Structure formats: structure tokens, C-alpha cells
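See structure below.
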Amino acid sequence: MCLFCKIIKGEIPSKKIYEDDDVYAFYDIAPQAPVHFLVIPKKHIESAMAMQPEDCEIVGKVLYRGQQIAKDLGLEESGARFVFNCKEDAGQTVFHLHMHVVGGQKFGWPPFPKEG
Ligand code: 5GP
Ligand code: ZN
């Protein structure tokens, strides 16, 4: 079973923010911003690249819940970044689809400018 499936089952502890039948939200163990949490579907989907048509509803719920929590945490006015790292080039390290929500500071764009 993957790391995030174990977190959903409570076999690995996490700082839970929200849970319902379809989604689970928790703080990232290594925050990269003043606010940094993850929202995941309870269904194991490897990455955004593995999403199927029948996953549209649950992935929509992931996005909606991230938006609700971001508002609850006071980010509605200032904004936040919603990120799905997908496979090797994006640096995905846990292969259970997850949305990062980071906020509480300004972020640059593009995120990783080309050098030279
Ligand atoms: P990725 O790099 O795959 O987009 O993001 C995986 C995220 O999961 C990373 O930001 C990492 O800090 C977080 N993470 C990895 N292991 C754990 C864990 O055991 N607990 C929590 N809360 N976050 C984790
Ligand atoms: Zn999983």
C-alpha cells in the first residue's frame, strides 16, 4: 500500500485538516511556505497523468476542498497556489495523486526559470 493510502487509513500519523468519504486533507510534513497542505482523493490514483474520465468528480472534490480549506485558513484575499506535481520532470515523489496548496507568501512565476 502506498504512503498516502496508509495515511488515509491512519496507519501513518498525519496532521489532518479535513476528511469525508472521498477526500482527505493534511499538512505537509516539510512545509515549503507559511501555509502548505495536501488534499488527496481516498481512491488511489497514481498521478494526474493516470486520471480517468470516471475520476473527474473526485478530483473536482479535491480542488473544491482545497479551495474551502484555503479560505478557512485566511487565504481568500491574498491567494494561494494549487499544484499537482506529475511524474519525473515535475518532481513527484509520492505516487498517489495529491494537490499541494501553498500560501501565505508571494510566489514567483515561472517557478523554475531556465538558466543562461
Ligand atoms: P510531491 O513531491 O510528490 O509532489 O509531494 C509529496 C509531498 O508529500 C512532499 O511535499 C512531502 O513533504 C510530503 N510528504 C512525504 N511524506 C509525508 C508524510 O509522511 N507525511 C506528510 N504529512 N507529508 C509527507
Ligand atoms: Zn495510494
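Note that the coordinates shown come from a computational prediction; the quantities given were computed from them, not determined experimentally. Start at 1 and go down the list; that is how both ligands and their atoms are numbered. We use all heavy atoms of the structure for the numbers below, so side chains are in, but hydrogens, waters and symmetry mates are not. Residues: numbered from 1 along the sequence shown.
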Using a 4.0 Å heavy-atom cut-off, say whether F26 meets ligand 1 through its side chain, its backbone, both or neither. side chain
Mode of F84 contact toward ligand 1 - side chain, backbone, both, neither (heavy atoms, under 4.0 Å): neither
Nearest heavy-atom contact between P34 and G103 is CD-O, 3.5 Å
Closest heavy-atom pair, S47 versus Q92, reported as atoms and distance to 0.1 Å, is CB-OE1, 3.3 Å
Is it true that Q32 lies under 4.0 Å from ligand 1, counting heavy atoms only? no
How are the rings of H98 and H100 set relative to one another: parallel (under 30°), tilted (30 to 60°) or perpendicular (over 60°)? perpendicular
If we set the cut-off at 4.0 Å for heavy atoms, which region of H100 has an atom near ligand 1: side chain, backbone, both, or neither? side chain
Would you call G91 a ligand 1 contact, heavy-atom distance under 4.0 Å? yes
re atom 22 (N) of ligand 1, the protein heavy-atom contact at minimum distance is Y27 O, 2.9 Å
for atom 15 (C) of ligand 1, nearest protein heavy atom and its distance come out as L3 CD2, 4.0 Å
Among all protein heavy atoms, pick out the one at the shortest distance from atom 13 (C) of ligand 1; state its residue, atom name and that distance to 0.1 Å. D28 OD2, 3.4 Å
D55/K43 salt bridge by N-O under 4.0 Å criterion: yes
Hey, are D22 and K61 close enough for a salt bridge, meaning a charged N less than 4.0 Å from a carboxylate O? yes
So between L38, T93, I7, I40, whose heavy atom ends up nearest atom 19 (O) of ligand 1? I7
Between H98 and ligand 1, which part of the residue brings a heavy atom under 4.0 Å of the ligand: side chain, backbone, both or neither? side chain
Taking the six-membered ring for Trp and the single ring otherwise, decide whether the centroids of F4 and F26 are under 6.0 Å apart. yes
for atom 17 (C) of ligand 1, nearest protein heavy atom and its distance come out as I29 CG2, 3.7 Å
So, of the N/O/S atoms that H44 has, which is the nearest one to the Zn ion (ligand 2)? ND1
Is it true that E46 and K87 make a salt bridge, defined as a side-chain N closer than 4.0 Å to a carboxylate O? no
